[in-house]
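Below, read A as the first sequence line, B as the second, and so on, with proteins coming before strands; counting in each chain starts at 1.
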Amino acid sequence: MSTSTLTERYVHEVVRRLPADQRQDIAQELRATIADTVDGRPGADPRAAEREVLIELGDPVRYAARYTDRPAAFIGPDLYPSYVRLLRPLMAGLLPVVAVVFTVLDLLDGRGVGQALATGAGTLFSFGAQLFAAVTLLYAAADRMRRPRGMLASAAAWSPEDLPEVRQGERTGTAAASLAAAAHVVLIALVFWQHTARPYRLGDGTPVEVLDPALWSGWIWPVLGGLAALAAVGVARVAAGGWTLRLAAWYTAAQALFSLPLAWVLHRQLLLNPEFLADATALWDSPDPVYDGMALLVLLGAAIGVFTAFRDARR
Amino acid sequence: MVSFVAVEELSLSQAQELRRGTVVLACLALLRTPQYGYALLETLNEAGVSVDGNTLYPLLRRLEKQGLLTSEWNTDESRPRKFYRVSPDGSRVRTSLVREWEDLVASISRLTKENG
């Protein structure tokens with residue numbers, strides 16, 4: 001039947017957004033319902049009637065959402081204000097500053113105005129896109145991490161005793177957590193940016209990365225994943241108004257993912273690009289203990305962070 | 001100042017809010033005899049309980065998930081249809097909803113009379 005194509009397309013668009021075990025059943029029912037409704041309009045051209053019926057059912061995305069209780073938002077209303085609050089200073093404050101700094105650096109290096117402006121515009125675009133993507137993904141992750149499955153169940157179990165204590169200095173704690181999350185995001189964006197933009201120029205003008213490019217086929221991924229997770233936990237912590245045991249556990253996992261590979265990379269002296277090091281001789285001459293010391297500092301910082309998180313969560 | 005059209009729109013959307021919960025009660029009342037989605041929609045609209053298909057069909061699924069309705073595929077006819085009917089739990093919920101409804105009607109009519 002040629003009239004079935006539009007219905008089939010509609011049904012497909014609806015059920016592919018539903019859990020796999022319900023798809024077939026709902027598809028079959030929806031097909032029958034659409035056909036029944038079309039049949040219920042005698043006299044009309046069946047194709048026109050089918051079209052009309054589908055228009056009345058409306059956008060398949062929204063229709064599918066009515067079957068599930070899942071929130072149909074990438075970043076929910078709880079976190080959205082804080083998302084905008086973080087994004088605004090990063091995009092309107094930090095981003096232009098970074099772009100201007102790199103434009104000025106190019107000028108100081110004796111490159112032409114055109115070249116310098118191109119660098120600035122490129123930084124604005126690529127660093128901006130990475131910053132935006134990082135913050136958005138971070139908040140989407142935090143939104144999903146914060147509440148366990150089955151929001152309704154947890155909402156029913158809520159009692160006034162769950163209200164967090166009003167603590168002195170809570171505002172600064174929240175501010176510090178926001179700042180830490182922002183720093184993590186900026187760090188992620190910087191890592192990607194130095195990979196694509198190659199900001200350092202050797203004596204002969206060849207642009208190189210600061211970090212060892214070999215990391216991209218290995219250790220950089222757990223480090224970046226850990227950073228993203230740390231930032232997401234930070235946002236979730238701000239939203240929750242402090243540490244909870246659940247968040248502290250997430251934080252521990254994120255810290256392990258970030259610190260352990262980073263400490264290893266530092267210890268093996270695999271972090272920085274050898275070409276960059278050869279040029280920046282002061283760093284090149286750093287003895288082994290400097291690297292091991294940095295590795296220890298990373299581990300120590302992680303341990304202190306995990307300890308504080310659990311201590312505050314149990315309070 | 002709110003324009004006349006805006007008032008009209010507002011009262012439409014408020015009325016829709018008011019009607020929302022009553023669809024569940026109407027379904028629980030009608031589905032004492034098994035019925036499939038489209039036929040139920042027609043019956044409801046003829047009875048003056050206006051509801052859209054894109055509201056009713058997912059609602060039936062949710063009520064089934066909550067255990068207030070049970071369903072069965074009827075394949076006797078050339079077009080297989082899913083028939084819903086009220087479960088024992090659904091009957092209990094209907095009884096208490098009917099009581100709630102009657103109380104509401106009494107309270108609201110008292111209120112609107114006193115203040116009208």
**Request:** Heavy-atom distances under 4.5 Å only: say whether A:Glu56 touches chain B with side chain, backbone, both or neither.
**Result:** backbone

**Asked** ring pair (Phe, Tyr, Trp, His ring centres under 6.0 Å): which pairs involve residues 16-45 of chain B, sequence neighbours left out?
**Response** B:Tyr36-B:Phe83

**Asked** If only atom types and distance count, is the side chain of A:Arg17 paired as donor or acceptor with the main-chain N or O of A:Glu13 below 3.5 Å?
**Response** yes

**Request:** Give, as side chain, backbone, both or neither, the part of B:Ser71 having an atom under 4.5 angstrom from any heavy atom of chain A.
**Result:** neither

**Prompt:** So what's closer than 4.5 Å to chain B heavy atoms on A:Ile34: side chain, backbone, both or neither?
**Reply:** neither

**Request:** Side chain from CB out, backbone as N, CA, C, O: work out which of these in A:Ala35 comes under 4.5 Å of a heavy atom of chain B, or both, or neither.
**Result:** both

**Message:** Taking the side chain as everything from C-beta on, heavy atoms only, tell me whether A:Leu57 gets closer than 4.5 Å to A:Val14.
**Reply:** no

**Message:** Can you pull out every salt bridge (Lys or Arg N to Asp or Glu O under 4.0 Å) where at least one residue sits in residues 68-79 of chain B? Sequence neighbours excluded, please.
**Reply:** A:Asp36-B:Arg79, A:Asp39-B:Arg79, B:Glu77-B:Arg81

